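Heads up, the thing below is written out as structure tokens.
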Amino acid sequence: MSRITKQLFSMLFAILMFGVFAGSAAASVGGGSTVGITYTGQTADTITFDGVRVEAKYSPGGGYGSSEYSCAALVMKFYKQVYGFDVWNLSSPGSIPTCSNGASFSLTDTPRVGDIVRFQDRTHWALVKSVKGSTVTIIEQNWGYHSGSGYVAAVNRTVEVGDAQVSFLTYSDYGYTLAAQEKANEQAMQAEEVTTWEEVLEQTIPAEQRLSIESEDNLKAVAADNAVENAMKNSIA
């Protein structure tokens with residue numbers, strides 16, 4: 001065997017071994033389908049969390065160099081629209097995202113809808129769309145390819161919990177969304193507005209009527225009747 005032939009053989013063997021190694025280290029991603037992308041800004045997939053709908057958008061040429069259509073952009077958009085804060089540090093396969101509100105993300109083995117999916121074998125980010133057993137369906141941006149004369153986006157791909165090349169990160173205040181914050185604020189305001197039974201009486205029974213009612217039980221009954229009557233009037237109006 002000539003020296004050149006030996007060199008070529010060595011190169012081919014190295015390439016083959018690299019392919020085997022790379023294949024064994026890649027995340028096992030399966031399932032899903034494809035959506036043809038025909039225009040910039042097209043919605044390929046959606047996720048709804050606590051009443052907020054967030055869209056995964058694509059451009060026919062992919063999202064490389066575009067902050068709006070990149071994989072990280074979807075994660076940032078989700079947490080901004082659902083929770084109201086900015087997410088940073090989506091920069092490498094080993095980075096931990098940070099929050100502008102001072103809260104944090106941490107690794108978890110029990111992913112939930114909305115958690116961040118971090119791929120270890122490449123710089124790619126996604127979100128947990130649903131969980132069934134150990135199978136996690138993801139929603140992502142900038143995961144497409146050219147097929148024939150068009151460009152298609154992969155949707156509803158799945159990954160497995162326990163795959164060493166995939167990590168899940170959960171938000172420390174999980175579930176305390178903008179909607180939940182607004183509801184809590186409303187409840188706090190209502191509690192401040194009416195704090196005693198006497199205040200309830202003042203709001204529901206005129207002063208002259210209160211003087212003509214002797215017992216506290218009767219006062220409560222009249223107040224309840226007035227509240228029902230006012231509610232019925234409001235519903236009719």
Side-chain angles (χ1 to χ4, degrees), residues 26-35 37 41-59 62-64 66-101 103-144 152-180:
S28 299
V29 186
S33 58
T34 58
V35 174
I37 304 301
Q42 180 178 337
T43 299
D45 199 1
T46 64
I47 180 174
T48 300
F49 191 84
D50 203 12
V52 180
R53 184 175 185 266
V54 181
E55 300 176 335
K57 293 182 175 292
Y58 279 74
S59 63
Y64 303 101
S66 169
S67 59
E68 184 176 0
Y69 304 114
S70 67
C71 60
L74 175 64
V75 175
M76 293 186 286
K77 180 168 57 177
F78 175 85
Y79 280 92
K80 186 67 173 180
Q81 293 182 6
V82 173
Y83 287 93
F85 63 82
D86 296 314
V87 176
W88 300 314
N89 201 34
L90 302 168
S91 55
S92 68
S95 60
I96 299 292
T98 55
C99 312
S100 63
N101 64 351
S104 62
F105 285 94
S106 60
L107 293 170
T108 179
D109 294 326
T110 55
R112 298 172 288 187
V113 175
D115 283 352
I116 297 177
V117 183
R118 184 185 69 186
F119 286 77
Q120 303 294 102
D121 56 336
R122 63 181 68 88
T123 304
H124 186 59
W125 302 87
L127 295 167
V128 174
K129 186 178 181 181
S130 65
V131 181
K132 186 176 182 180
S134 63
T135 301
V136 178
T137 300
I138 64 176
I139 177 172
E140 56 197 327
Q141 281 188 174
N142 194 30
W143 196 261
V152 297
V155 297
N156 292 326
R157 297 197 303 156
T158 59
V159 295
E160 294 295 321
V161 176
D163 187 332
Q165 294 303 316
V166 179
S167 297
F168 304 98
L169 299 111
T170 193
Y171 175 46
S172 58
D173 288 335
Y174 183 87
Y176 194 51
T177 63
L178 286 177

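This is a predicted model, so every value here is computed, not measured. Counting from 1, the numbers follow the sequence of the chain as shown.
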What closest approach, in Å, do [X] and [Y] show between heavy atoms, and which atom pair accounts for it?
X    : Y    : answer
V161 : P111 : CG2-CG, 3.8 Å
A103 : D173 : CB-OD2, 4.2 Å
A44  : V155 : O-CG1, 3.6 Å
T108 : T110 : OG1-N, 3.1 Å
P97  : L169 : CD-CD2, 3.8 Å

Between [atom1] on residue [X] and [atom2] on residue [Y], distance to nearest 0.5 Å:
X    : Y    : atom1 : atom2 : result
I138 : L127 : CD1   : CG    : 9.0 Å
I47  : K129 : CD1   : NZ    : 8.0 Å
W125 : S92  : CH2   : OG    : 6.5 Å
N156 : D45  : CG    : CG    : 5.0 Å

With a 4.5 Å cut-off on side-chain heavy atoms, are [Y] and [X] touching?
X    : Y    : result
V52  : L178 : no
E140 : V117 : no
F105 : C99  : yes
S95  : L90  : no
F49  : V113 : yes

Which residues share a side-chain hydrogen bond (donor to acceptor under 3.5 Å, both in side chains) with [X], sequence neighbours left out:
X    : value
Y83  : none
S91  : N89
T135 : E160
N101 : Y171

Within the side chain of [X], is there an N or O that forms a donor-acceptor pair under 3.5 Å with the backbone of [Y]?
X    : Y    : result
D163 : A27  : no
S172 : S104 : yes
Q141 : S70  : yes

Would you please name every residue forming a salt bridge (Lys or Arg N to Asp or Glu O under 4.0 Å) with D115, sequence neighbours left out? none

Stepwise side chain to side chain contact (heavy atoms under 4.5 Å, CB included) check, T43 with K57: CA-CA 4 Å; T43 299; K57 293 182 175 292; 3.0 Å; yes

One pair to check against side chain to side chain contact (heavy atoms under 4.5 Å, CB included): Y58 and V35. What are the steps and the verdict? CA-CA 10 Å; Y58 279 74; V35 174; over 6 Å; no

Between S100 and W88, does the side chain to side chain contact (heavy atoms under 4.5 Å, CB included) criterion hold? Intermediate values first, please. CA-CA 8 Å; S100 63; W88 300 314; 3.6 Å; yes

Hey, can you pull the donor-acceptor pairs under 3.5 Å for the side chains in residues 74-81, sequence neighbours left out?
{"from": "K77", "atom 1": "NZ", "to": "E55", "atom 2": "O", "distance (Å)": "2.6"}
{"from": "Y79", "atom 1": "OH", "to": "G114", "atom 2": "O", "distance (Å)": "2.5"}
{"from": "K80", "atom 1": "NZ", "to": "D86", "atom 2": "OD1", "distance (Å)": "3.4"}

Pair L107-R118, side chain to side chain contact (heavy atoms under 4.5 Å, CB included): steps then yes or no: CA-CA 10 Å; L107 293 170; R118 184 185 69 186; 3.9 Å; yes

